[in-house]
Amino acid sequence: MSQPHVIRTPDQRLRIFVSSTLQELAAERRAARTAIERLHLAPVMFELGARPHPPRELYRAYLQQSDVFLGLYWERYGWVAPDEEVSGLEDEYNLCPDDVPRLLYVKASDHRDERLTGLLNRIRDDDRAAYKYFETAAELAKLVEADLAVLLAERFDQSRPAPPDQHAPAGPAPGRSGPDPAVADPVRLPVPLTGLVGREADIAELQGMLASGTRFVTLVGPGGLGKSRLAIAAARAAAPDFEDGSVFVDLSAVHDPERVPSRIAQALGVRDTGDAPIMENLATALRERDILLVLDNFEQVLDAAPFLTALLAAAPELAILVTSRVLLRIGGEQSYDVGPLADEQAVDLFVERAHAVKPDFEITQDNEAAVRRVCAALDGAPLAIELAAARVRVLSPAELLDRLDRRLSVLVGGARDLPARQQTIRRTIEWSTQLLDEPQRRLLARLGVFEGGFTLEAAEFVGARAAGESADPADGDVLENLAALVDSSLVGQHDSDDRPRFSMQAIVREYAREQLALSGEQPAVRDAHARYFLALGDDAEDDLRGPGQRRWMQRLGDERDNLRAAERFLLDGHDWDRAARLAFSLYLYWWVTGLLGEVRTWMEEALASGDELDPHTRAIALYFTRTIMFWKDPDGSVAADLTESIELFRRTGDANGEGIASISLALALLAGDAPDTARARQVMEAALALYRSTGSVWGESMTLVLLGRVALREGDPAEAQRHFADSLSLTNRSGDRVGQRIASYHLGWTELMLGDVAAARADFALSVTISAAVGHPEGIAYGLEGMVAVAALSHDEQRAGELAGAAQALRERSGLHNGPTFTFHQRYLDELLSGPHAAQVTAAIAVGRELTVEQAVAEALAEGRSEPDSTS
């Protein structure tokens with residue numbers, strides 16, 4: 001039998017093969033896909049619905065290269081093809097390799113096909129499979145996500161190297177030929193909506209340049225030539241040559257060169273906390289990392305080029321791949337000109353894109369000459385070819401050529417001094433829009449206001465309400481018009497969290513914005529955009545503190561660039577009240593995702609404007625500009641300004657704002673060598689009464705944590721334990737994951753101080769688990785440091801050192817500077833470093849610094865190698 005085809009996911013993530021019938025389980029398949037992608041895994045879903053029994057060789061290849069088999073079953077057994085004995089559904093189960101874990105889910109039913117019942121009976125007796133029932137797609141999503149997380153944690157722990165004091169050699173997990181992709185995914189590159197055609201030689205040459213030691217390469221060429229896709233493909237090919245992989249930084253939504261460092265920091269997971277220059281944080285984070293950065297769309301932030309030189313100097317193992325329409329012209333830059341596609345490649349691209357809209361399209365003797373002439377007329381520019389190919393649904397190649405010949409010769413697009421090929425691309429965009437109806441052209445222009453993509457809901461709001469609160473009948477149906485733009489390849493569509501999202505290539509968005517400016521609608525459209533995201537922030541505010549927290553964190557992450565654009569519009573218009581409202585409604589999101597530094601700069605603009613601010617707006621501005629500095633307040637100015645913020649919130653009737661500012665004031669009062677615990681207690685008791693009077697469970701849980709910290713400062717761990725336990729109980733009931741993380745971490749320290757090391761370990765493990773689940777590196781660092789103390793008391797010097805090193809590296813790489821204010825592990829580590837095993841601990845710290853975050857989390861959650869002492 002021939003060897004199966006090598007089918008690899010583009011980003012090398014762990015693959016989950018999903019087996020099911022198609023039509024009857026469509027909603028469940030979507031739910032499973034969403035759950036798999038939430039865990040940053042790759043769903044492998046064989047979607048050839050036109051072939052009920054697809055070719056065995058093809059799905060055998062998919063199965064043999066998948067890491068987990070996930071089966072979904074309901075009522076239908078599936079079609080049995082001629083000359084076959086079983087359906088594709090049963091065949092997929094039979095062909096699943098023995099060493100692949102099987103997770104099986106059966107939807108409850110009283111009317112199941114007899115053959116499916118037989119298959120399920122056989123599966124039930126198979127000790128290789130986990131077998132569960134479910135009733136709804138939502139329930140299935142929860143089961144899949146939870147079961148995959150447990151499975152990966154178990155396999156992950158099995159695949160960890162043996163400790164140094166054991167003689168067994170470290171190696172990959174059984175049955176694998178290399179590192180388990182679940183351990184760490186060093187490739188953080190997007191997967192383009194469509195494949196790359198005809199760039200193999202370019203990829204090989206770029207990979208060779210990087211492998212030879214070239215550290216700074218600029219891919220240069222007009223918009224629409226596919227520089228971004230080429231850079232992503234080259235970075236993916238080169239990723240194995242970099243120990244820390246490749247990271248993509250999209251600069252298309254960045255228009256201020258000063259924001260480039262923050263965007264790079266965001267892509268790398270370095271938090272912009274505002275308490276240190278972001279360049280300092282980046283230099284620290286990259287100093288020891290062997291990594292490739294891909295900076296896309298640099299032409300609009302050229303003044304940031306010297307920053308790249310400084311970054312390369314600070315990080316000797318860093319390499320940078322830039323895409324730009326022009327060279328950056330700074331020292332060390334190596335240019336790579338991205339040219340058009342060759343004739344055959346251009347035709348291949350045309351056919352591939354034509355298949356997307358007309359699956360039966362093929363090159364024939366009758367149309368080949370016309371297709372080649374179309375590609376030649378478009379100068380081999382990939383975007384122009386894609387736009388033309390999208391029209392084969394309604395136009396033959398000959399008709400397409402005739403229309404292009406007549407229109408491209410008279411259309412003008414953009415400045416006349418543009419390169420000829422870019423003029424061709426822009427004229428093709430203009431030609432494509434001429435084939436649209438007027439409402440569709442108007443919608444395209446309005447959609448140009450979005451940054452980083454948009455949802456259908458957002459498109460409907462902005463597209464239909466640009467002139468006011470009500471839709472204009474002349475604009476037509478937004479959904480119908482948007483579908484026409486997708487069909488024309490002017491807008492791309494993909495799914496995120498089971499919610500369709502749309503996007504435009506940079507040069508198409510640029511064209512749309514030019515048309516929007518010419519229409520005179522730009523101010524109204526931008527205001528509609530801001531109003532939509534103000535409403536989104538209002539909707540998210542309460543759910544961010546409860547069970548909807550994770551869903552909203554993900555949704556707001558998708559809209560991060562749009563939120564920034566809305567805020568920028570409001571700030572530029574000196575609309576301080578709405579700017580402050582948008583910032584404050586999402587303060588929990590900004591904090592967890594490490595963007596408080598950016599919010600601080602927004603609110604500093606308001607304070608420095610010289611305008612008379614509304615008292616509530618001033619309260620918000622003072623809060624954001626002072627709260628991140630609470631831990632270094634030598635002259636008491638931070639506490640004074642937070643006190644003013646509290647008073648302004650109180651005067652304007654904002655109890656939640658008053659409580660939040662009170663928490664920051666208490667933190668400021670507790671910081672430093674001479675904490676004012678009496679005043680901090682007074683402030684928190686008032687805040688606790690306030691939150692209880694308003695019924696805010698989130699506020700009550702947070703103030704209890706602060707009262708516990710006051711008790712710790714006063715030397716009463718028993719009182720602190722009661723407060724922390726009460727806070728954890730509240731957050732457990734409310735579903736506030738971030739609150740659970742905070743309460744469990746603090747409770748762990750009081751358990752440790754009171755001598756219950758086992759309970760402390762459980763609390764720290766909960767804190768680490770939650771922090772990893774919500775993507776909160778600060779919480780992970782705190783939890784790891786708690787585990788250091790547990791390991792030290794367990795006489796596990798190796799583990800204590802590794803976790804301490806991992807926490808140090810995580811803080812450095814994430815820009816987290818204020819750890820000493822909230823952690824107590826250092827004295828335990830110092831005792832080890834001054835003891836007889838100091839050399840072993842020092843070596844273990846060095847080992848820990850090399851662990852990935854995923855490895856550090858797994859190490860923290862693994863059982864210790866010795867029993868803990870019963871007392872501290």
Side-chain angles (χ1 to χ4, degrees), residues 7 9-49 51-52 54 58-59 61-78 87-97 100-109 112 116 119-120 123-124 126 128-155 181-182 185 191 493-501 550-551 554-555 558 773:
I7 305 169
T9 57
D11 52 6
Q12 304 297 293
R13 293 178 296 171
L14 203 70
R15 304 165 194 78
I16 313 300
F17 185 95
V18 180
S19 173
S20 76
T21 52
L22 300 182
Q23 286 79 14
E24 70 165 350
L25 289 170
E28 287 75 12
R29 287 170 68 83
R30 288 195 299 271
R33 174 188 288 276
T34 298
I36 293 165
E37 290 178 340
R38 278 184 186 276
L39 295 171
H40 303 289
L41 309 177
V44 178
M45 310 187 79
F46 205 84
E47 300 281 9
L48 295 184
R51 303 179 186 178
L58 188 55
Y59 64 69
Y62 277 101
L63 276 164
Q64 291 190 352
Q65 295 168 64
S66 293
D67 302 274
V68 178
F69 180 93
L70 194 153
L72 307 178
Y73 309 98
W74 189 17
E75 296 179 339
R76 295 174 56 186
Y77 174 72
S87 69
L89 189 71
E90 181 166 2
D91 202 32
E92 287 174 351
Y93 184 84
N94 293 340
L95 291 172
C96 177
V100 171
R102 305 177 187 209
L103 300 177
L104 309 178
Y105 304 90
V106 182
K107 189 171 182 178
S109 174
R112 219 183 302 280
L116 178 58
L119 172 62
L120 294 179
I123 289 173
R124 189 180 295 112
D126 188 343
R128 297 169 299 176
Y131 189 95
K132 292 185 178 181
Y133 286 93
F134 70 96
E135 294 187 354
T136 66
E139 181 186 1
L140 172 67
K142 293 178 181 178
L143 288 172
V144 169
E145 187 169 357
D147 292 345
L148 281 174
V150 171
L151 174 65
L152 296 182
E154 291 173 348
R155 290 211 149 197
D185 180 8
V191 180
Q493 178 182 350
H494 59 97
D495 291 336
S496 175
D497 191 26
D498 205 25
R499 173 190 297 266
R501 281 189 71 81
R550 183 171 183 175
R551 174 175 57 86
Q554 180 170 344
R555 184 173 179 186
D558 289 340

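All values below were derived from every heavy atom in this structure, side-chain atoms included, with hydrogens, water molecules and symmetry-related copies excluded.
Tyr105 OH to Asp147 CG: the interatomic distance, rounded to the nearest 0.5 Å, is 3.5 Å. Taking CD of Glu90 as the reference point, atom CG of Leu119 lies at 4.5 Å (rounded to 0.5 Å).
Contact between Ala35 and Ala141 at its shortest, heavy atoms only, is CB-O, 3.5 Å. Across all their heavy atoms, Arg112 and Lys107 have their closest contact at NH1-O, 3.3 Å. For Arg76 against Glu24, the heavy-atom pair with the smallest separation is N-OE2, 3.1 Å. When every heavy atom of Leu72 is checked against every heavy atom of Leu25, the shortest pair comes out as O-CD1, 3.6 Å. Contact between Glu135 and Ala108 at its shortest, heavy atoms only, is CG-CB, 4.3 Å. In plain terms, the two heavy atoms of Ala31 and Ala137 that are nearest each other are CB-O, 3.4 Å.
No donor-acceptor pair closer than 3.5 Å links the side chain of Glu28 to the backbone N or O of Leu140. In terms of modelled atom types and a separation under 3.5 Å, the side chain of Arg102 and the main chain of Cys96 share a donor-acceptor contact. With Tyr77 contributing its side chain and Ser87 its backbone, the two residues share a donor-acceptor pair below 3.5 Å.
Under the 30°/60° scheme for interplanar angles, the aromatic rings of Phe17 and Phe69 are found to lie parallel.
Taking 4.5 Å as the limit, every side-chain heavy atom of Ile16 sits out of range of all side-chain heavy atoms of Leu103. The side-chain heavy atoms of Arg29 and Ser20, taken from C-beta on, include a pair separated by under 4.5 Å.
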request  = Using the side chain to side chain contact (heavy atoms under 4.5 Å, CB included) rule, take Leu116 and Leu89 through it: C-alpha gap first, then chi angles, then the decisive distance, then the call.
outcome  = CA-CA 9 Å; Leu116 178 58; Leu89 189 71; 4.1 Å; yes
ask   = Given the rule in the side chain to side chain contact (heavy atoms under 4.5 Å, CB included) test, do Trp74 and Thr21 qualify, once you have shown the distances and angles that lead to the verdict?
value = CA-CA 9 Å; Trp74 189 17; Thr21 52; 5.9 Å; no
